[in-house]
Structures are given as structure tokens and as C-alpha cells.
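Naming convention: chains lettered A, B, ... in sequence-line order (proteins, then strands); numbering from 1 in each chain.
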Protein chains: 2
Amino acid sequence: MPTTTPRDRYREQVRTEAKSIAWEQIGASGASGLSLNAIAKQMGVSGPALYRYFAGRDELMTELISDAYTDIAAALRAAAVREKDDRKRPAAVANGLRTWAKRNPHRYLLVWGTPVPGYEAPQTTTDAARKAMAVLLETFAALDVAKGRDALQDDALSGEWAPGTSPRTRRRALAFWTRVHGFVSLEICGHFNGMGFDPDALFAAEVGTLHEV
Amino acid sequence: MPTTTPRDRYREQVRTEAKSIAWEQIGASGASGLSLNAIAKQMGVSGPALYRYFAGRDELMTELISDAYTDIAAALRAAAVREKDDRKRPAAVANGLRTWAKRNPHRYLLVWGTPVPGYEAPQTTTDAARKAMAVLLETFAALDVAKGRDALQDDALSGEWAPGTSPRTRRRALAFWTRVHGFVSLEICGHFNGMGFDPDALFAAEVGTLHEV
DNA sequence: AAGCTTCTGTTAGAGGTTCTAACAACAGTG
DNA sequence: CACTGTTGTTAGAACCTCTAACAGAAGCTT
């Protein structure tokens, strides 16, 4: 039984506050602008004090990424359970992910953008990844009526990421992930800017094609 | 007539060498590990000397990104002209982009990954972006037989990025870009690792769906 | 050829970062 | 009350970007 002493609670509070300020900084100047020193200063504490709470910049970063991953998984789950109609659920999840990403672009990019050098995915992150994938797999499994075979070899997309799923479900889940990610990452990185087309229309069209795959 | 003096040539040579070392460093430790100082040291020259050649770290980074963008556009063009069969050209271009990205993951991510803070796209980058998009638009325009209307509003995807193209061509070019980017960026960031499915099979399947859109 | 100008390199230094080491002060426990 | 462990402090090493002031070489002009 992990009894939490006052010291433990204080420690956790400091860590939480530091992480919150860290997100502010990342939002302002990107992941590369994250400075343990600046966080300490903003907390009214002097530089190396934070090293009592985080082994270093990398550990803080790793924890931020891990938290973000957990958030994404939760957002996906929430979007999925909110939509009762199996047929409409894929679109709902897609919209949920896009909305979350637009609200938390830096969090999203920390998880699925350019990897940060010193980061080693801990167990909790792997778990969150599995949970996120599970939402997609369940979403498409609900639509799984026997409808003939996929064009692919049945086992080409199998693997430990999706045990006990049908080939079509795996195919759809992966199409969902890669397509939605492609759109969302380009959108939040601003690569659609200045092109002049309507992103909403493109997204809606792409989501529509998920039924066909 | 811009006559190139020996000094100009020397200057250009130094800049080129610096950029080449910069790519090495980025390959080794990511974009955040790029250090003007370290480049200088490796060139056998002392720290601030490089500031005669680049206004600062941001300018060097901007030039690297711009060069990478130009490279991507060239790779797309090369893949397109290599395939004579109009019907097979989309797949050829997709494979060309994926291959280039796997060979130059950092270059790819600098262009289409998480944006780096101090970067402001110069004119040359915008031009390269247009050229890259032009390859996609031409590739799909070649398949443009009158085949009924798109499900979308005809003008929803129009804009200055694609003047004088059909709605279907625009739709396909954007689907190509977002889908291939989604797959490629996840793949080179290592997000498929440990999942256990066959990336080649998924990519082939996704490329196959481009005909249907 | 001589002199002037421009460019290129140097060192010094300010201010930022991460992170370690040594030390002081506090909280909680026997 | 004393002891232990935690938390904060400052000092400092090693890195970074970037500016300033200066030395020397290269090229152009007269």
C-alpha cells in the first residue's frame, strides 16, 4: 500500500507545476525551446533545484511525451464512445483526433512528429499506443460483416499490434491512422497555408473514403 | 552578367562544405543538435568565423530546408518522368517519394515534419513547393478522362495552388500527398516499429486505393 | 608597384543553456 | 533531542549563439 506522505504530495505537486509550465514554453517556442532553467526561474526557484525532480531535460521531455500519448488515447476513446452509431463512429473518431490535434498541436507533434533525440519510450507510452490502436481496431471491428476477402494477403498486416482481429479490420485501422495522421500533421504544421483550398472539405472527403477500403 | 570572382567561388565552396557537415550533424543528432560552432570546429576554423558566411543558425537552417525542398521536388519529377505509362505513374511517384524519404529521413522531416521555430520560408522554398505539387497535378491530370463529377463541391479544393486543373485532379493530388505523407512520416519516425505488420504491404495497398478516389 | 578597400579570420566576452559538486537549511522519524 | 533524508542554495565546468574589436590577406584602383 503506497501511503502518500506530505512530502510525496508536495513532490508530485512541484512536478505537476513544472510540467504545466513546460507545456506553456513548448506552446510558445516549440520543443527545442524547452529549458529546465527557464522553468525553474518562472517557478521562482533557482536553476538546479529542478534537478531534484527530474534527472534532466530528457527525462522531463520523455514524461511530457508520455502524458501527451495518454491524452491522445483518451481523446480517441472519448470520441468513440460518444458516437453510438457504429457506421458513423469512424468519422467521429477522425474528427475527434483532428480536433484534439488542432487544440494541442505541440502535444500531437511531440507524439507523432519528428522524434526528439534523447527520448526513449517507456512502458507507459507503449501501453498508451496500444490503447489508441485498440480504439481504432474496435471501431472497425464493429463494422466487420463478412464481405469477401481483402485484396491483401490475409496475414500481411497481422502482428502483435492487433491480435484476434480480421484482416479487413487491420487494414482499415491502418488506413485510418496513416491517412488521418497525414492530413492532420500537414494541417497543424501549416503546410496547407497559402494553397487556398478548403481543408474541411478535403478532410471530410478523406474520411468518407475510409468506408471503401 | 554575374561574373564569379575567385573570392565568390571560395565563398561558395566554404558555404557548401559547411552545409554538408551540417547534414552530417543533423543525421547524427537531429535538427536540434545542429551547432554552428561544432561545424566550424570540424572545418578546422574557429567559432565565429562561420558568421561571415551565415547570418546565424536560423539562416543556415533555412537554407538547409530550402535545399531539401528542392531535392524533394527533383526526386518527384525524376520518378514521374521515369515511368512512361500514365496509369502506373502515380504509384511510381509514390514509391519514389517513399524511397527518397527513407534514404534522407532528416531532410524529409525538416521539410514536412515538425516546423523549426526560427524558420521563415523564403521565395525559393515556395517555388520548390509549387514544383512538387505540379508533379502531382500533372500526374493525375494525365488520367483525367471525363468520368462524372466528384462527390465534392467542384470548387472546394480549388485555389492558387492548382490553377487550371480539374476538381478530380486536385482531389487526387491532395489525397496522394496527405496519404503518402502520413505513411512515410510515420514509417521514418519509427512509429511502425514493434507493431509487427509488413509496411510494404500496407504501402502498396494504400497506393492502390489512389486510383479509386 | 603602392595604396586603399574589402573580405576573412582571430580572440575576448556577454549571456544563455545543461548538469555536477559542495554546502546550508529544512522536514520527518526514532 | 538528535539523526537522517530531502530540498534548496551557490559555484563552476563545458557547451551553445552571437557581437565587438582587431590583425592580416586578397583584390582593385591609381
Discussion item. Over all strands shown, is A:Y10 touching base, sugar-phosphate only, or nothing at heavy-atom distances under 4.0 angstrom?
Written reply: sugar-phosphate
Practice prompt. Report which part of the nucleic acid B:R7 touches: base, sugar-phosphate, or nothing (heavy-atom distance under 4.0 Å, all strands).
Written response: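 Contact class for B:R7: base.
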Quick one: which of [options] gets closest to the side chain of [X]?
X: B:A38; options: C:dT18, D:dC16, C:dT10; answer: D:dC16
X: B:Y53; options: D:dT9, C:dT8, C:dT10; answer: C:dT8
X: B:P48; options: C:dT11, C:dT17, D:dT17; answer: C:dT11

Discussion item. Please confirm whether the shortest side-chain N or O distance from A:S35 to OP1 or OP2 of C:dT18 is below 4.0 Å.
Written reply: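 Checking C:dT18 against A:S35, a side-chain N or O does come within under 4.0 Å of OP1 or OP2.
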Discussion item. Would you say B:S46 places a side-chain N or O within less than 4.0 Å of OP1 or OP2 belonging to C:dT11?
Written reply: yes
Return the value, rounded to whole Å, for the distance between atom [atom1] of [X] and atom [atom2] of [N].
X: B:I39; N: D:dT17; atom1: CD1; atom2: C1'; answer: 12 Å
X: B:D8; N: C:dT8; atom1: CG; atom2: P; answer: 9 Å
X: B:Y51; N: C:dA12; atom1: OH; atom2: P; answer: 18 Å
X: B:R11; N: C:dT6; atom1: CZ; atom2: P; answer: 15 Å
X: B:N37; N: D:dT19; atom1: CG; atom2: P; answer: 14 Å
X: A:E59; N: C:dC19; atom1: CD; atom2: P; answer: 10 Å
X: A:M43; N: D:dT9; atom1: CE; atom2: P; answer: 11 Å
X: B:Q25; N: D:dC15; atom1: CD; atom2: P; answer: 14 Å

Are [X] and [Y] close enough that a side-chain donor and a side-chain acceptor fall under 3.5 Å?
X: A:S66; Y: A:T124; answer: yes
X: B:T4; Y: B:R9; answer: yes
X: B:R179; Y: B:T209; answer: yes

Practice prompt. Tell me whether the guanidinium CZ or amine NZ of A:R107 lies under 6.0 angstrom from the six-membered ring centre of A:W23 and within 45° of its axis.
Written response: yes
Worksheet item: Can a cation-pi geometry be assigned to B:R170 and A:F197, taking NZ or CZ under 6.0 Å from the six-membered ring centre and within 45° of the ring axis?
Response: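 So B:R170 doesn't make the cation-pi contact.
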